[in-house]
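Just so it is clear, the values below take in all heavy atoms, side chains as well, and ignore hydrogens, waters and symmetry mates. In this text, all values refer to a predicted model and were calculated from it rather than measured experimentally. Residue numbers count from 1 along this sequence.
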Amino acid sequence: MKITVIVGPQGQVVGTAHHIDGEEGSGTGGPIAGPGQSVLVLDVPAHVEDVDNVDELYRALERIIRSGTPK
């Protein structure tokens, strides 16, 4: 599954959203990065998809980002 992740200047996860591929003719939208932030779309492994606690999810995503796992 793909997750859209907003990342702060020090690599910390600021927010997430399920990534949805747009259909032709559909509108656009989604999370917007603020000053100094960036947006990443990550393919996450199943064990990360199943995390129920947001703090654990953010820690797992930060590990993925730091590891340089292909996005």
Side-chain angles (χ1 to χ4, degrees):
M1 174 173 84
K2 290 185 179 185
I3 294 182
T4 301
V5 182
I6 305 268
V7 181
Q10 282 77 41
Q12 75 279 19
V13 173
V14 177
T16 61
H18 288 283
H19 179 77
I20 300 172
D21 289 324
E23 296 179 16
E24 187 175 328
S26 66
T28 58
I32 298 172
Q37 298 175 340
S38 58
V39 177
L40 301 175
V41 177
L42 303 176
D43 259 325
V44 296
H47 73 276
V48 175
E49 290 178 35
D50 297 334
V51 172
D52 292 332
N53 179 298
V54 74
D55 291 329
E56 289 178 36
L57 173 63
Y58 282 20
R59 282 192 297 272
L61 292 171
E62 288 169 357
R63 283 191 297 273
I64 291 169
I65 292 165
R66 280 193 307 269
S67 75
T69 300
K71 295 144 188 85

Residue pair [X] / [Y]: nearest heavy atoms and the distance that separates them:
{"X": "Val44", "Y": "Glu49", "value": "O-OE2, 3.5 Å"}
{"X": "Ala60", "Y": "Val48", "value": "CB-CG2, 4.0 Å"}
{"X": "Asn53", "Y": "Asp55", "value": "OD1-N, 2.7 Å"}
{"X": "Ala17", "Y": "Pro31", "value": "CB-CG, 3.7 Å"}

Fill in: Atom pair CG (Leu40) and CD1 (Ile3), whose distance is rounded to the nearest 0.5 Å
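That separation rounds to 12.0 Å.
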
Worksheet entry | Nearest-0.5 Å distance, CD1 of residue Ile64 to CG of residue Asp43 |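 It comes to 9.5 Å.
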
Worksheet item: Less than 4.5 Å apart, any side-chain heavy atom of Thr16 and any of Tyr58?
Response: yes

Worksheet item: Given side chains that start at C-beta, do those of Ile65 and Val13 come closer than 4.5 Å, heavy atoms only?
Response: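 When only atoms from C-beta onward are counted, Val13 and Ile65 do touch, with a gap below 4.5 Å.
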
Same cluster for [X] and [Y] if Ile/Leu/Val/Met/Phe/Trp/Tyr side chains link at under 4.5 Å?
{"X": "Val7", "Y": "Leu57", "answer": "yes"}
{"X": "Val5", "Y": "Val54", "answer": "yes"}
{"X": "Val39", "Y": "Ile32", "answer": "no"}
{"X": "Leu42", "Y": "Met1", "answer": "yes"}

Practice prompt. Sequence neighbours left out, what passes side-chain contact (heavy atoms from CB on, under 4.5 Å) with Gln12? Give chain and number order.
Written response: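 Gln12: side-chain contact (heavy atoms from CB on, under 4.5 Å) contacts with Pro9, Gln10, Val14, Glu62.
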
